[in-house]
J.: 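Here you go, one structure.
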Amino acid sequence: MNDPVPSRLLTPDSNPNIVAPQLGAVRILVVGDVMLDRYWFGDVSRISPEAPVPVVRIEKREERLGGAANVARNVASLGAHCGLLGVVGADEAGAQVEQLLGESSIHSYLQRDEAISTIIKLRVIGRQQQLLRIDFEDAPTDTVLRDKLTQFNGVLADYDVVILSDYNKGSLVNVAEMIRAARAAGKVVMVDPKGDDFSPYAGATILTPNKSELKRIVGSWNSEEQLTSKAQALREQLGLDALLLTRSEEGMSLYSATEVLHMHAAAREVFDVSGAGDTVIATMAAMLGAGMPIADALITANRAGGIVVGKLGTATVTREELFGA
C-alpha cells in the first residue's frame with residue numbers, strides 16, 4: 001500500500017506576497033455548454049388569487065453569459081485572452097450570446113445549429129431573492145458536434161490552457177478526444193465534470209468536481225482520511241495530475257501525487273453561489289497559465305470564489321479585485 005502523501009492546510013494569508021501575474025499573454029480556450037442567463041427583477045407585494053404564489057411585477061431585465069460562456073467571461077474579466085467554442089441555436093438568444101461575447105472581448109468560435117434553440121436559464125428575482133428558474137434547452141445535433149471537434153483541433157495550437165466546462169447538455173460528447181488531442185499538444189487541460197461517469201475525462205490535468213458530483217462517483221465518506229483515500233484513488237484511476245474538490249463553506253481540497261492541499265473558504269456573507277465554480281476554474285486556469293505555483297493559484301482561486309458569492313447572479317471578478325490596483 002502506498003504511503004500517504006503529506007497534507008498541508010492553506011489559509012487566505014498563507015502567502016501574503018503573491019504577486020499579480022501578467023495575464024495579457026495567457027491564452028485560454030473554453031469549450032462546453034453555452035447558455036444565456038436571463039434575469040427578470042421585480043417587486044413582490046401580493047399573493048396571486050389564482051394560486052398560493054407571489055405575483056412579481058417585472059421592473060428590470062438583464063442578460064448575461066451563462067454556462068461555459070460564463071467561464072469565458074470570468075477568464076476575460078481577469079485580463080487573459082479567451083476563446084469560446086460551443087453551440088447555440090440560430091435564433092435571437094444565440095445572436096444575443098454573440099453580442100455579449102463581443103462586448104466582453106471574447107473570441108467566438110460558436111457553431112449555430114439550425115435544429116435547436118439556444119439554452120436559456122430564466123431567473124425571476126423578487127426582493128433580491130430568486131423565486132423561480134425556468135430552463136429552455138435542446139441537445140446539439142451530431143453534424144454540428146462533428147464540426148465542433150474539427151474546429152477544436154484546428155484552433156488548439158493557438159492556446160496554452162483548455163477549460164472543458166461540462167453542464168451535461170450534450171455539447172461535450174467528444175470530450176475524451178478533445179482531452180487526448182490537447183494533452184498530446186502539451187496543453188494544460190482543466191475539466192469541470194458532470195454526470196455519473198468520469199471516465200471520459202481521463203488524462204486531464206485537473207478535474208474540479210464539487211462535493212455532490214464527487215459523491216456520485218466514489219460514494220459518501222465518513223472522515224477526512226476516507227475522503228482523501230477515495231479522491232486519490234479516483235485521481236490515479238483517471239490519470240489526472242490533480243483533483244480539485246470544491247467544498248462550499250468547507251473551502252477546497254487539491255489532491256495530487258505529491259501532496260494534499262486544504263484551503264479554508266474565505267469568511268464572507270454569501271449572497272448567491274450561482275457561477276462560483278465557473279469563477280474558481282477560470283481563475284485557476286489563468287493563474288496556472290501565467291506560471292503561478294499551484295498552491296498560490298489555489299489561494300487566489302479561493303479568494304475569487306469568495307468575492308463572487310457576494311454578488312448577485314452569475315458574476316465575475318477582476319484582476320484589481322484579486323490583487324488591488
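We number each residue from 1, following the sequence as shown. The structure presented is a predicted model; accordingly, all values stated were derived computationally and were not measured.
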J.: Can you tell me if Arg319 uses its side chain to pair, donor with acceptor, with the backbone of Pro21 under 3.5 Å?
T.: yes
J.: Say you draw a straight line from CD of Glu63 to CG of Leu100; how long is it, rounded to the nearest 0.5 Å?
T.: 6.5 Å
J.: Go through it in stages, so that I can follow the logic: the residues are Arg123 and Arg38, the test is side chain to side chain contact (heavy atoms under 4.5 Å, CB included), and I'd like the CA-CA distance, side-chain angles, deciding distance and then a yes or no.
T.: CA-CA 6 Å; Arg123 296 172 175 91; Arg38 285 188 161 143; over 6 Å; no
J.: Out of Thr228, Leu244, Leu207, which residue meets the side-chain contact (heavy atoms from CB on, under 4.5 Å) rule with Tyr255?
T.: Thr228
J.: With a 4.0 Å cut-off, would you call Glu62 and Lys60 a salt bridge?
T.: yes
J.: Could Lys194 and Tyr167 be counted as a cation-pi pair, given that NZ or CZ must be under 6.0 Å from the ring centre and within 45° of the axis?
T.: yes
J.: Going through the distances and angles, do Ser171 and Asp33 end up as a side-chain hydrogen bond (donor to acceptor under 3.5 Å, both in side chains)?
T.: CA-CA 5 Å; Ser171 291; Asp33 296 303; 3.0 Å; yes
J.: Answer whether the closest heavy-atom distance between the side chains of Ile206 and Val191 falls below 4.5 Å.
T.: no
J.: Tell me if a side-chain donor or acceptor on Arg127 pairs with a main-chain N or O of Val44 at a distance below 3.5 Å.
T.: yes
J.: Using a 6.0 Å cut-off, check whether atom CD of Glu59 has over 12 heavy atoms from anything other than its own residue.
T.: yes
J.: Report yes if some heavy atom in the side chain of Leu65 is under 4.5 Å from a heavy atom in the side chain of Val97; otherwise report no.
T.: yes
J.: Distance to the ring centre below 6.0 angstrom and angle to the axis at most 45 degrees; does that hold for Lys211 and Trp221?
T.: no
J.: Measuring only between side-chain heavy atoms, which start at C-beta, is Leu9 closer than 4.5 Å to Met263?
T.: no
J.: Can you see which heavy atom on Leu156 is nearest to which on Lys187, and at what distance?
T.: O-CE, 3.4 Å
J.: I'd like to know if the side chain of Asp113 and the backbone of Thr141 have a donor-acceptor N/O pair within less than 3.5 Å.
T.: yes
J.: With a 3.5 Å cut-off and no angle check, do the side chains of Ser253 and Arg247 form a donor-acceptor pair?
T.: yes
J.: Verify the distance criterion only: is there a donor paired with an acceptor across the side chains of Thr316 and Asn74 at less than 3.5 Å?
T.: no
J.: Side chains of Tyr201 and Asp166: do they bring a donor and an acceptor to under 3.5 Å?
T.: yes
J.: Would you compute the distance between atom CG of Leu254 and atom CD of Glu259 and round it to the nearest 0.5 angstrom?
T.: 8.0 Å
J.: Please tell me if the side chains of Val53 and Ile47 come closer than 4.5 Å, counting only heavy atoms from C-beta onward.
T.: no
J.: Is there a side chain to side chain contact (heavy atoms under 4.5 Å, CB included) between Val124 and Gln130 once you walk through the steps?
T.: CA-CA 6 Å; Val124 180; Gln130 186 176 149; over 6 Å; no
J.: Any side-chain to backbone donor/acceptor pair from Arg27 onto His81? Under 3.5 Å, distance only.
T.: no
J.: Do Lys121 and Asp37 meet the salt-bridge criterion of a basic N to acidic O distance under 4.0 Å?
T.: no
J.: Using a cut-off of 6.0 Å, state whether more than 12 heavy atoms not belonging to Glu250 lie near its atom CD.
T.: yes
J.: Do Arg183 and Thr205 meet the criterion of a side-chain donor-acceptor pair at a distance under 3.5 Å?
T.: yes
J.: Val34, Leu145: one ILVMFWY side-chain cluster at the under-4.5 Å cut-off?
T.: no
J.: So which heavy atom on Leu238 is nearest to which on Ser199, and how close?
T.: CD2-CA, 3.9 Å
J.: Give a yes-or-no answer on whether the side chains of Asn70 and Asp278 include a donor-acceptor pair shorter than 3.5 Å.
T.: yes
J.: Any link between Val162 and Val155 through a network of hydrophobic side chains (Ile, Leu, Val, Met, Phe, Trp, Tyr) touching at under 4.5 Å?
T.: yes
J.: For the CD1 atom of Ile299 and the CE atom of Met287, what is their distance to the nearest 0.5 Å?
T.: 12.5 Å
J.: Can you tell me if Glu103 and Gln99 form a side-chain donor-acceptor pair at under 3.5 Å?
T.: yes
J.: Rounded to the nearest 0.5 Å, what separation is found between the CG atom of Asn222 and the OG atom of Ser220?
T.: 6.0 Å
J.: Would you check if Leu110 and Leu84 make a side-chain contact, meaning some heavy-atom pair closer than 4.5 Å?
T.: yes
J.: Please tell me if the side chains of Glu177 and Leu149 come closer than 4.5 Å, counting only heavy atoms from C-beta onward.
T.: yes
J.: Answer yes or no on whether Arg64 is positioned over the face of Tyr39, meaning its NZ or CZ is under 6.0 Å from the six-membered ring centre and within 45° of the axis.
T.: yes
J.: Do you reckon Val173 sits in the same ILVMFWY cluster as Ile119, going by side-chain contacts under 4.5 Å, direct or chained?
T.: no
J.: Does a donor on one side chain and an acceptor on the other come within less than 3.5 Å for Ser165 and Asp192?
T.: no
J.: With rounding to the nearest 0.5 angstrom, report the OG to CD distance, Ser117 to Glu137.
T.: 11.0 Å
J.: Of the non-hydrogen atoms in Ala95 and Arg112, which two are nearest, and what is the gap between them?
T.: N-NH2, 3.4 Å
J.: State plainly whether one hydrophobic cluster holds both Ile307 and Phe323, where clusters connect Ile, Leu, Val, Met, Phe, Trp and Tyr through side-chain heavy atoms under 4.5 angstrom apart.
T.: yes
J.: Quick check: closest heavy atoms across Ile179 and Pro200, and the distance to 0.1 Å?
T.: CD1-O, 3.7 Å
J.: Could you check whether any side-chain N or O of Asp91 sits under 3.5 Å from a backbone N or O of Thr118, counting only pairs where one atom can act as donor and the other as acceptor?
T.: yes
J.: What closest approach, in Å, do Cys82 and Val75 show between heavy atoms, and which atom pair accounts for it?
T.: CB-CG1, 3.7 Å
J.: Within this structure, what is the CG-CE distance for the pair Asp241 and Met190, rounded to the nearest 0.5 Å?
T.: 11.0 Å
J.: So do Asn174 and Lys148 actually touch side chain to side chain, heavy atoms under 4.5 Å?
T.: no
J.: Gln232 vs Val5, test: side chain to side chain contact (heavy atoms under 4.5 Å, CB included). Steps then yes/no.
T.: CA-CA 10 Å; Gln232 291 285 37; Val5 299; 3.4 Å; yes
J.: Show the numbers, then the answer: is there a side chain to side chain contact (heavy atoms under 4.5 Å, CB included) between Leu29 and Ile163?
T.: CA-CA 6 Å; Leu29 177 65; Ile163 300 176; over 6 Å; no
J.: Does Ile58 share a hydrophobic cluster with Leu122, counting links as ILVMFWY side-chain heavy atoms below 4.5 Å and allowing steps through other members?
T.: yes
J.: Quick one: does any side-chain atom of Gln129 pair with a main-chain N or O of Gly126 as donor and acceptor, under 3.5 Å?
T.: no
J.: Test your reading of the model: is there a side-chain donor-acceptor pair from Ser104 to the backbone of Ile106, 3.5 Å cut-off?
T.: no
J.: State, yes or no, whether a side-chain contact exists between Val188 and Asp160 at a heavy-atom distance under 4.5 Å.
T.: no
J.: Fit a plane to each ring of Tyr159 and Tyr109, take the angle between them on a 0 to 90° scale, and name the class: parallel (under 30°), tilted (30 to 60°) or perpendicular (over 60°).
T.: perpendicular
J.: Write down the atom of Leu288, the atom of Met292, and the distance for their closest heavy-atom approach.
T.: CD2-O, 3.7 Å
J.: Closer than 3.5 angstrom, by distance alone: can the side chain of Thr300 be matched with the main-chain N or O of Asp296 as a donor-acceptor pair?
T.: yes
